[in-house]
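Here is the structure we will look at.
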Amino acid sequence: MALALALLPITQAQALTTEGMASYYGDRFNGRRTASGERFDMHELTAAHRTLEFGTRVLVTNKVNGRSVEVTINDRGPYVQGRSIDLSKEAARELGMLGRGVAPVELRVLEFGGSTPAPSGSNDLAVAQAQRLLIDLF
């Protein structure tokens, strides 16, 4: 039963912090429409995520150098296995990951789409670990 519940889309009651790999997209997609209908601007602080609502604000921290950036989810992706988030080129620049193209990151939801503040809870770490396990399995 718990596994079935964990496979549902992310909701406000689920983990606020998780770890994963970030990549970025830029030049080739600049000006194209995102899944949210907005035009992609590689100079804005935006990102693509598979399940978070459009408009969700996420603090992304590069685990290698400690640099952080706040992005808004406006697209779907990444479509490469093992990646958690696709950042705009500007967000990747602020994280110092342009050279390598990918970086291990921590993702912390600050505000869900629709301006609902992220809830606080004591089981965030356990839920984040369960989500990481599911991401690794699939």
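- Once rounded to the nearest 0.5 Å, the distance linking NE2 of His49 with CZ of Arg83 reads 14.5 Å.
- Within a 6.0 Å radius of CZ in Arg100, no more than 12 heavy atoms belonging to other residues, nucleotides or ligands are found.
- Panel note: side chain Arg67, backbone Glu94; a donor-acceptor pair is recorded below 3.5 Å.
- Connection of Val64 to Val71 is not established within any shared hydrophobic cluster, with ILVMFWY side chains joined at heavy-atom distances below 4.5 Å, either directly or through further cluster members.
- Listed for the Asn65 side chain is a donor-acceptor partner under 3.5 Å among the backbone atoms of Leu95.
- Interatomic distance, Glu19 CD to Thr17 OG1, rounded to the nearest 0.5 Å: 9.0 Å.
- When side chains are defined from C-beta on, Glu53 does not count as touching Ile73, because their heavy atoms never get closer than 4.5 Å.
- Looking at residues two or more places apart in sequence or on another chain, you find no side chain to side chain donor-acceptor pair (under 3.5 Å) involving Thr46.
- No side-chain donor-acceptor contact under 3.5 Å links Thr34 to the backbone of Asp75.
- To the nearest 0.5 angstrom, Asn62 atom CG is 8.5 Å from Ser68 atom OG.
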Determine, step by step, whether Arg57 and Thr72 satisfy the side chain to side chain donor-acceptor pair (under 3.5 Å) criterion, reporting the C-alpha distance in whole Å, the side-chain angles of both residues, the deciding distance to 0.1 Å, and the verdict.
CA-CA 5 Å; Arg57 291 181 323 127; Thr72 302; over 6 Å; no

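- Residues satisfying the side chain to side chain donor-acceptor pair (under 3.5 Å) criterion with Arg76, sequence neighbours excluded, are absent altogether.
- For the atom pair CZ (Phe29) and CE (Met42), the distance works out to 12.5 Å, reported to the nearest 0.5 Å.
- Residues passing the ring pair (Phe, Tyr, Trp, His ring centres under 6.0 Å) test with Phe40 are Tyr25, sequence neighbours excluded.
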